[in-house]
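Read the numbers this way: they start at 1 and go in the same order the structure lists the ligands and their atoms. All heavy atoms count here, side chains included; hydrogens, waters and symmetry mates do not.
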Amino acid sequence: MIGAMQAPPLRVTDLIDHAAREHGPREIVTRWADGTTSRSTWAEVARDARRFAAALVDLGLARGDRVATLAMNHGHHLAAWYGAAGMGGVLHTVNPRLFHEQLAYIINHAGDRVLLYDAMFAPIVEKLKPELTTVEHFIVFDGSGEDGFRALIDRSDDGFEWVTGSERDPCGLCYTSGTTGHPKGVLYEHRSNIIHALASLQPDVFDLSTRSVFLPVVPMFHANAWGVPYAAAMVGAKLVLSCTNEADVLWRLFRDEGVTHSAGVPTVWLAMFADMDANGGDYGRLRRAVIGGSAAPRAMIERLMRAGIEVAHAWGMTETSPIGTIGSRPGDWDDLSFDRQVDVVVKQGRVPYGAELRTLDDDDRVLPRDGVTSGRLQIRGPWIIETYFGDDGGPAIDADGWFDTGDVAILHPDGVMQITDRAKDVIKSGGEWISSIELENAAVGCAGVAEAAAVGVHHPKWDERPLLLVVRKPGSTVCEADILAYLSDKVAKWWLPDEIKFVAELPHTATGKILKRALRDEYRDYRLPGA
Ligand code: ADP
């Protein structure tokens, strides 16, 4: 006997149709790179998406074909995103901050047939063109000419019928940054995106409703802007999209557009703090700040919470669509002191229903959820990767569906997960582990420290010892002794760095995280004092 309920395939085109039908006039605001602002609505985005789907078919694209974007966040990108999926294609968001070789590799590997790009990335595209073997059509997103996106969709028909199919059809593609070897493609499905979006609406995750105004600072090329463009369509939230991430532009948008929700990596928030300290400014109606992509430092969380903003500290990765866990408030939240509340938020939170976590030791034994034992973190669920795209294929998971994240974590008895480190970044000192994340995030709490990175340096006796690289805040004279004194009651004594070195800047990845690999390579054989 089978059930007696309807089971339409879950397709992302239903999201844009729903948004257009039920929330048609709700605004989509774009702040373009040239400083102008344009206003559209969910109904107009849905219309543009249909036109773009029709245009892709006219260009000869077929089901399963890949359409690449090299673009910031804006309304055209959003329309292209739904339009490509609506013609049965796959929207491949490419990160323009990657190196030339990585860009060429990724676009060729994906076999993209169309490349849409922002005018500001034209120099990158010109340089890439001779090496791209599969791209047949180049379209400028914000160009006003005949070859521009606007002209293309204005020539097309609104009456395009979405291509239908299985909910397991692919509709999105995003490459991991490839910290080792070539980047790998993660192919998202209609079904996985919808389930991820449903999970992300919850009060304990993004807490979204029709009244929400979301400005995702996180770019659409960074793990689908954490799924915000899907979740926002589901509830008809207003979206505010910005082509630039300059702090003063963002603050003005927050204030002028009544932004209630935002999301970004820690470096984005650091830049905003620095701008506010220098030029003033306020958070407007911002109510919820999602921070993820790297561990949010305690001082950052405290500053936002003191301003009355709820901080949702999230952990995830490209392979997890990307939400893995997010900090929800526990039942006794209101009874906790401010410091205890911050203790909760610095951890990475719980999985939403649907996903599951476990930790393993080096012999693959499942570890207890005891709040102290750390091990390799694994995750499984309906929005977690099964296989990588193309010939990197083969299962990314074990026989029971567990995906090994490459992170080291502690699971607490109440379900909360706490990232200790990336397995590769852990500092191994005398057979014990020092968490580089904990060390650097403690250090940025010290007055005068703008940014910090802890790396393991080879040591003849201890195997590795921590070196802390610090960028001072402008005008600060903070010295090694000040930072060591500050850290002394925050971490175990044997965790204290053997040296603190001041640097002008730290290298960042294409998604704004500190590039630990480069620092490890640079300092691996550095001579620490006394070594
Ligand atoms: P990459 O950094 O390789 O491009 P992702 O953007 O998918 O790939 O990053 C995923 C990784 O980022 C996770 O495996 C984890 O190491 C780190 N990460 C993400 N969020 C957090 C967080 N809140 N705390 C600590 N680490 C995090």
Electrostatic pair R520:D425 at N-O distance under 4.0 angstrom: yes
- line: Quick note on ligand 1: atoms under 4.0 Å from a heavy atom of G316 include exactly 10 (C), 11 (C), 13 (C), 19 (C), 20 (N)
- line: Min over Y175, W315, W226 of heavy-atom distance to atom 21 (C) of ligand 1 lands on W315
- request: Consider every N or O of A295 and every N or O of ligand 1, then say whether any pair is closer than 3.5 Å.
  value: yes
field: Under 4.0 Å to a heavy atom of K513 - the qualifying atoms of ligand 1, by number
entry: 2 (O), 5 (P), 6 (O), 9 (O), 10 (C), 11 (C), 12 (O)
Six-ring centre of F502, R472 cation under 6.0 angstrom, axis tolerance 45°: yes
task: Supply the atom-to-atom distance H222 NE2 to C174 SG, rounded to the nearest 0.5 angstrom.
output: 7.5 Å
query: Quick one: does D407 get within less than 4.0 Å of ligand 1, heavy atoms only?
result: yes
query: Any idea which of G293, C174, S294 brings a heavy atom closest to atom 17 (C) of ligand 1?
result: G293
query: What's the verdict on ring-ring contact (aromatic ring centres under 6.0 Å, His included) for H77 and F141, showing C-alpha distance, side-chain angles and the deciding distance?
result: CA-CA 8 Å; H77 199 171; F141 257 137; 5.6 Å; yes
message: Can you tell me which portion of T318 lies within the under-4.0 Å heavy-atom range of ligand 1? Options are side chain, backbone, both, or neither.
response: both
message: As a quick check of understanding, evaluate ring-ring contact (aromatic ring centres under 6.0 Å, His included) for H182 and Y105, giving each step before the final call.
response: CA-CA 8 Å; H182 278 307; Y105 172 84; 3.8 Å; yes
Of the listed options H222, R422, K516, E319, closest to atom 8 (O) of ligand 1 (non-hydrogen atoms): R422
field: Ligand-side contact atoms (ligand 1) for residue partner M317, heavy atom cut-off under 4.0 Å
entry: 7 (O), 10 (C), 14 (O)
task: Before accepting this row, confirm whether a basic side-chain N of the pair D404/R376 lies closer than 4.0 Å to the acidic partner's carboxylate O.
output: yes
- request: Classify the contact between A314 and ligand 1 as side chain, backbone, both or neither, using a heavy-atom distance cut-off of under 4.0 Å.
  value: backbone
statement: Which of Y188, Y175, F221 passes ring-ring contact (aromatic ring centres under 6.0 Å, His included) with H92? Answer is Y175
